[in-house]
Amino acid sequence: MRLIFLGPPGAGKGTQAQRISEMHGIPQLSTGDMLRAAVKAGTPIGQQADAVMKAGKLVSDEIVVGIIADRIDQADCKSGFILDGFPRTVAQAEALDQMLLPRGIKLDYVIEMTVDNGALTERITGRFTCAKCGAGYHDKFKQPKVAGVCDVCGSKEFSRRADDKAETVGARLDAYTKQTAPLLPYYRGRGVLRQVDGMAAMDEVTRQIEGVLGA
Ligand code: AMP
């Protein structure tokens, strides 16, 4: 199964991709996670991407297309993958089509998570993760059960993304509206676009996605 999860920052793509990935045994390919790992490791790509990401802008198509082209040829992608945060421009979507065609791979669904734009800033600026195991939390919506202690691994260290600051969120939402939203008609025209309600409770969103996949 080959899926794309589409939606603005804060729509819940990462959370849902992680769940569906575990349920179906296919990897979640998040260009954001891969770029953050490259920044942390100080690789040449990371050095190029760092300032762009901190400004809430999009990294060049060339860089992200290269990352995905390498990734989908790895063995764990043989029976499928979930693209989370890629493609983000029409040029990236066209590059993806060019990648899949010679490999005889077809996209099954592009799942759009629809959200109320007014809710996004609060969703994004409140989120934080366990620095050790990556479990996700939120200041308002999902605090750890014991304050300051990760529910999953017991670690007491947490981190926040550098680009989840209020100052950067506007630029990220703007990039979505101007550069990524044109992908909706692109995939609608190909008959693969499906919508789920990204404002519903987390389990309900998962149920809706499963409904699409089982249809
Ligand atoms: P995300 O974790 O998906 O919110 O991505 C975080 C940041 O990484 C974005 O704001 C961009 O700067 C960069 N990024 C991730 N995926 C892409 C992509 N497909 N194209 C361009 N930039 C990307």
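In what follows, every heavy atom counts, from backbone to side chain, and hydrogens, waters and symmetry copies are set aside.
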Go through Val64 and Arg88 one step at a time and tell me if the side-chain contact (heavy atoms from CB on, under 4.5 Å) criterion holds. CA-CA 10 Å; Val64 289; Arg88 254 179 161 97; over 6 Å; no

Shared ILVMFWY cluster between Val110 and Val212, side chains joined below 4.5 angstrom? no

After noting the C-alpha distance and the side-chain angles of Leu58 and Lys178, does the key distance pass the side-chain contact (heavy atoms from CB on, under 4.5 Å) rule? CA-CA 11 Å; Leu58 294 189; Lys178 294 197 177 122; over 6 Å; no

Test: salt bridge (Lys or Arg N to Asp or Glu O under 4.0 Å). Region: residues 16-43. Which pairs qualify, not counting sequence neighbours? Arg19-Asp203, Asp33-Arg36

Any donor and acceptor pair, going by atom type alone, linking the side chain of Lys165 with main-chain N or O of Thr125 inside 3.5 Å? no

Can you confirm whether the side chains of Glu210 and His24 place a donor and an acceptor under 3.5 Å from each other? yes

Do the side chain of Ser21 and the main chain of Ile26 share a donor and acceptor less than 3.5 angstrom apart? yes

Any donor-acceptor pair under 3.5 Å linking the side chain of His138 with the backbone of Gln143? no

Stepwise side-chain contact (heavy atoms from CB on, under 4.5 Å) check, Gln16 with Thr206: CA-CA 6 Å; Gln16 295 298 333; Thr206 309; 2.7 Å; yes

Check whether any side-chain N or O of Asp151 sits under 3.5 Å from a backbone N or O of Lys145 as a donor-acceptor pair, and report yes or no. yes

Exercise: do Thr89 and Asp61 side chains pair donor with acceptor under 3.5 Å: yes

For Asp164, which residues count as a side-chain contact (heavy atoms from CB on, under 4.5 Å) partner, sequence neighbours excluded? Ile124, Arg127, Arg161, Arg172

Share the residues that join Met202 in a hydrophobic cluster, the rule being Ile, Leu, Val, Met, Phe, Trp or Tyr side chains under 4.5 Å apart at the heavy-atom level. none

When you check the side-chain N and O atoms of Gln28 and Gln18, is any donor under 3.5 Å from an acceptor? no

Could you tell me whether the side chains of Asp97 and Tyr186 share a donor-acceptor contact shorter than 3.5 Å? yes

Which residue pairs satisfy the side chain to side chain donor-acceptor pair (under 3.5 Å) criterion with at least one member in residues 102-111, sequence neighbours excluded? Asp73-Arg103

Between Glu157 and Lys132 (salt bridge meaning N to carboxylate O under 4.0 Å), is one present in this structure? no

Shared-cluster residues of Leu101, by chain and number - hydrophobic side chains joined below 4.5 Å: none

Linking I/L/V/M/F/W/Y whenever any side-chain heavy atoms sit under 4.5 Å apart, do Phe5 and Leu35 land together? no

Test of understanding: clusters of I, L, V, M, F, W, Y form through side-chain heavy atoms closer than 4.5 Å, transitively. Do Ile111 and Met23 belong to the same one? yes

Under a plain distance cut-off of 3.5 Å, with no hydrogens placed, do Gln208 and Glu204 share a side-chain donor-acceptor pair? yes

Main-chain N/O of Gly134 paired to Thr129 side chain as donor or acceptor, under 3.5 Å: no

Determine whether Glu112 and Arg194 satisfy the following criterion, salt bridge (Lys or Arg N to Asp or Glu O under 4.0 Å), listing intermediate values before the conclusion. CA-CA 6 Å; Glu112 180 197 1; Arg194 301 288 184 277; over 6 Å; no

Contacts of Lys142 that satisfy salt bridge (charged side-chain N to carboxylate O under 4.0 Å, His left out) - sequence neighbours left out: none

